[in-house]
Trainee: 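What follows is a single structure, and I will ask about it in a moment.
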Number of protein chains: 2
Amino acid sequence: MGLNPLKLLEERIVKDGRVKEGGILKVDSFLNHQMDIGLFEEMADEFYGLFGSENVTKILTLEASGIGIACIVGQRFKCPVVFAKKSKTKNIDGDVYRAQVESYTHGKTYEVIVSKAFLLPTDRVLLIDDFLANGSALSGLIKIVQDAGATLVGAGIAIEKAFQPGGEMLRNQGVRVESLARIKSLRDDGTIEFC
Amino acid sequence: MGLNPLKLLEERIVKDGRVKEGGILKVDSFLNHQMDIGLFEEMADEFYGLFGSENVTKILTLEASGIGIACIVGQRFKCPVVFAKKSKTKNIDGDVYRAQVESYTHGKTYEVIVSKAFLLPTDRVLLIDDFLANGSALSGLIKIVQDAGATLVGAGIAIEKAFQPGGEMLRNQGVRVESLARIKSLRDDGTIEFC
């Protein structure tokens, strides 16, 4: 049966993650540039164990690095996946939900949009993303779910930087946040400590 | 056994696609905003039938709308998936392959990058994307594969706008391009004609 997916992801982070200056964790060899789909399947199994009884009807993520994980999770839940788009796209209809998202990595704020046709009041929505740090991306997706009048089941996160405020903020708002790996600290000597 | 995936995608385009002015085909209810993962699985089976004997070691796509299909194709081929990133990301190492891609939808040129660590001379690369029109995105990915000294197996495309020049240009260069739906014309009355 092997190790459970939580331990698997933590072990993979220790094995292949790299700590850069300023609290940046690089996991681009398996999570958000090159993607290990077998690992995503095990993560999807874990999310299904956590949220499988919640009658999820839609997975919601945002471009770009959440899309791969979200698709494998959607496959496991047998439901469609919607990704919020950065709103530069002219090629989308006007009837959209909008939210502002602050990117600390890129040092700017951008708008994401979801077509109203793809989030209905009857939907039970599970949010999926690769990282949770300050919580700005998740907060934007939550606003969109609320604007749609849909039900928010919770959020499934691959890696939570528990030393940043997003997770606590969202849990204090009553959002069920489940993270497969929770990082307590990233030291400049490259050491990664989990919660 | 049902219909073969080629016909399935064409039928889905007829059923759920919408033709907008200026030769724009909107397939955002199942392909590139909301994503039907069951459909992606059938498309992946079709690509595996076409390229399964080519010993593909890596799937390469670019953000954002190619990622979902590419992940399900990578699952079928049991190999990692890499997506070329738009190069605004400060959060990536300097050692990258670069290419310029022209976006006709957004009316601008942008740079995409792939970390050198994730494309090796030993790799046999299958490109995956949702659309082929002018061929700029695929040409950028092909340049990156060549710069890496990897072997290009070919390109698997969901929807080719055969009335635009990209497909012919790439086939004339000797690239094996396989498109699951090839559109001959999009009329302003909403009619979609396939090749």
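Residue numbers start from 1 in every chain, and the chains themselves are labelled A, B, ... in the order their sequence lines are given, proteins ahead of strands.
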Trainee: Might you confirm whether atom OH of B:Tyr110 has over 12 heavy atoms from other residues, nucleotides or ligands at distances under 6.0 Å?
Mentor: yes

Trainee: Where do B:Gln75 and A:Ile72 come nearest, in terms of heavy atoms and distance?
Mentor: NE2-CD1, 4.1 Å

Trainee: Any chance you could measure B:Leu119, atom CG, to A:Gln34, atom CD, to the nearest 0.5 Å?
Mentor: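 Answer rounded to 0.5 Å: 8.5 Å.
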
Trainee: Heavy-atom distance under 4.5 Å between the side chains of A:Met35 and B:Val82, does that happen here?
Mentor: no

Trainee: Does A:Glu168 have more than 12 heavy atoms from other residues, nucleotides or ligands lying within 6.0 Å of its CD?
Mentor: no

Trainee: Atom CD of B:Glu63 and atom NZ of A:Lys86: how far apart are they, to the nearest 0.5 Å?
Mentor: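 B:Glu63 atom CD to A:Lys86 atom NZ measures 6.0 Å (nearest 0.5 Å).
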
Trainee: Can you tell which of A:Ala70, A:Ser65, A:Ala64 has the highest number of heavy-atom pairs within less than 4.5 Å of chain B?
Mentor: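 Heavy-atom pairs under 4.5 Å are most numerous for A:Ala64.
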
Trainee: Quick check on the hydrophobic clustering: are B:Ile144 and B:Leu120 connected, directly or via other members, by side-chain heavy-atom contacts under 4.5 Å?
Mentor: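 Hydrophobic grouping puts B:Ile144 apart from B:Leu120.
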
Trainee: May I ask you to test the A:Cys71-B:Ile37 pair for a side-chain heavy-atom distance under 4.5 Å?
Mentor: yes

Trainee: Could you tell me the separation between the CG atom of B:Asp28 and the CZ atom of A:Phe118, rounded to the nearest 0.5 Å?
Mentor: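 One gets 4.0 Å once the value is rounded to the nearest 0.5 Å.
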
Trainee: Select one option (side chain, backbone, both, neither) describing which atoms of A:Lys58 are under 4.5 Å from chain B's heavy atoms.
Mentor: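 Contact with chain B: side chain only.
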
Trainee: Given a strict heavy-atom distance threshold of 4.5 Å, which part of B:Ser103 is in contact with chain A: side chain, backbone, both, or neither?
Mentor: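 For B:Ser103, neither part sits under 4.5 Å from chain A.
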
Trainee: Taking B:Phe83's backbone N and O only, do any of them form a donor-acceptor pair with A:His33's side chain (distance below 3.5 Å, no angle check)?
Mentor: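 Yes; at least one donor-acceptor contact below 3.5 Å.
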
Trainee: Is atom CZ of B:Phe163 surrounded by more than 12 heavy atoms (other residues, nucleotides or ligands) closer than 6.0 Å?
Mentor: yes

